[in-house]
Amino acid sequence: MDFDKHNINSNAIGGYDRNTGILYINSKYDTTEKILGFVNQTQGMFANNTQYAPVLHELGHKYYYDSINKLAISKGIEYNKAKDIVDSKLIECIRKSNVENNPFFIMKNLSGYAYKGYSDNLITEVIAESFSVMHQNGFAKSLIDTLNGVVL
């Protein structure tokens, strides 16, 4: 999609709208080279540095939101209450993993983007980054496993 034409942040490579379930990719990143240029522009910014990074990251957002919805439905609670439960378990997992109490733990073990999300209390960004590398990164896998454990 042409992000400029639709008044979406033209600096973004992708987006996910949980209300519609639509995943968007910015049409100006229409080649593998352009995608790789974006995800590798700043070392350590993104957990996944492949051409698949934007799609996997946005699918990670979908997975996070779907998990919250699933918990809300299964427990018969409101979405925001389910989100609070999920986020608190994920924050607990992060704190347990960070045995050295390093403020840059998430940046070092996942990505700068996940660190910024965590700092801004946007756990969805931590999960999106984790989802994109869950098969290659033990910390990311532990977060996805924690999310799955909360919902089941």
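The structure presented is a predicted model; accordingly, all values stated were derived computationally and were not measured.
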Consider only side-chain N and O atoms of [X] and [Y], and report whether a donor and an acceptor are under 3.5 Å apart.
X    : Y   : result
Q51  : T32 : no
N19  : Y65 : no
N148 : Y63 : yes
T124 : H61 : yes

Taking the side chain from [X] and the backbone from [Y], do they hold a donor-acceptor pair closer than 3.5 Å?
X    : Y    : result
N137 : N109 : yes
S111 : A114 : yes
N26  : A12  : yes

Measuring from [X]:[atom1] to [Y]:[atom2], what's the distance to the nearest 0.5 Å?
X    : Y    : atom1 : atom2 : result
K28  : D2   : NZ    : CG    : 9.5 Å
I123 : L147 : CD1   : CG    : 11.5 Å
L143 : L90  : CG    : CG    : 6.0 Å
N80  : I85  : CG    : CD1   : 11.5 Å
S132 : L110 : OG    : CG    : 7.0 Å
M45  : E129 : CE    : CD    : 9.5 Å

Please determine whether the number of non-hydrogen atoms from other residues, nucleotides or ligands lying under 6.0 Å from atom [atom1] of [X] exceeds 12.
X    : atom1 : answer
Y16  : OH    : yes
K141 : NZ    : no
E100 : CD    : no

Start with the C-alpha gap between I25 and V55, add the side-chain angles, then the distance that decides, and say whether side chain to side chain contact (heavy atoms under 4.5 Å, CB included) holds.
CA-CA 8 Å; I25 299 296; V55 171; 4.0 Å; yes
Shared hydrophobic cluster, [X] / [Y] (ILVMFWY, side-chain heavy atoms < 4.5 Å):
X    : Y    : result
I77  : V86  : yes
I91  : F104 : yes
V126 : Y113 : no
F46  : V133 : no
M134 : Y64  : yes

Chi angles and distances behind the salt bridge (charged side-chain N to carboxylate O under 4.0 Å, His left out) call for E92, K96
CA-CA 6 Å; E92 182 181 318; K96 284 182 181 177; 3.3 Å; yes
With sequence neighbours left out, what residues match [X] under salt bridge (Lys or Arg N to Asp or Glu O under 4.0 Å)?
X    : answer
D17  : none
D30  : K34
K108 : none

Over 60° means perpendicular and under 30° means parallel, so tell me whether F105 and F139 are parallel, tilted or perpendicular.
perpendicular
Plane angle bin for Y24 and F3 - parallel if under 30°, tilted between 30 and 60°, otherwise perpendicular
perpendicular
Under the side chain to side chain contact (heavy atoms under 4.5 Å, CB included) criterion, do S27 and M1 qualify, and how do the steps go?
CA-CA 5 Å; S27 62; M1 163 187 278; 5.8 Å; no
So do the side chains of D120 and K116 get within less than 4.5 Å of each other, counting heavy atoms only?
yes
Is there a side chain to side chain contact (heavy atoms under 4.5 Å, CB included) between E125 and H57 once you walk through the steps?
CA-CA 8 Å; E125 296 299 350; H57 178 95; 3.1 Å; yes
Testing the basics here: between [X] and [Y], what is the closest heavy-atom pair and its distance to 0.1 Å?
X    : Y    : value
C93  : T146 : SG-OG1, 3.3 Å
T50  : I35  : O-CG2, 4.3 Å
V39  : A53  : CG1-CB, 3.9 Å
S142 : S97  : OG-OG, 4.3 Å

Please determine if R18 forms a cation-pi arrangement with Y79, meaning its NZ or CZ atom is less than 6.0 Å from the six-membered ring centre and no more than 45° off the ring axis.
yes
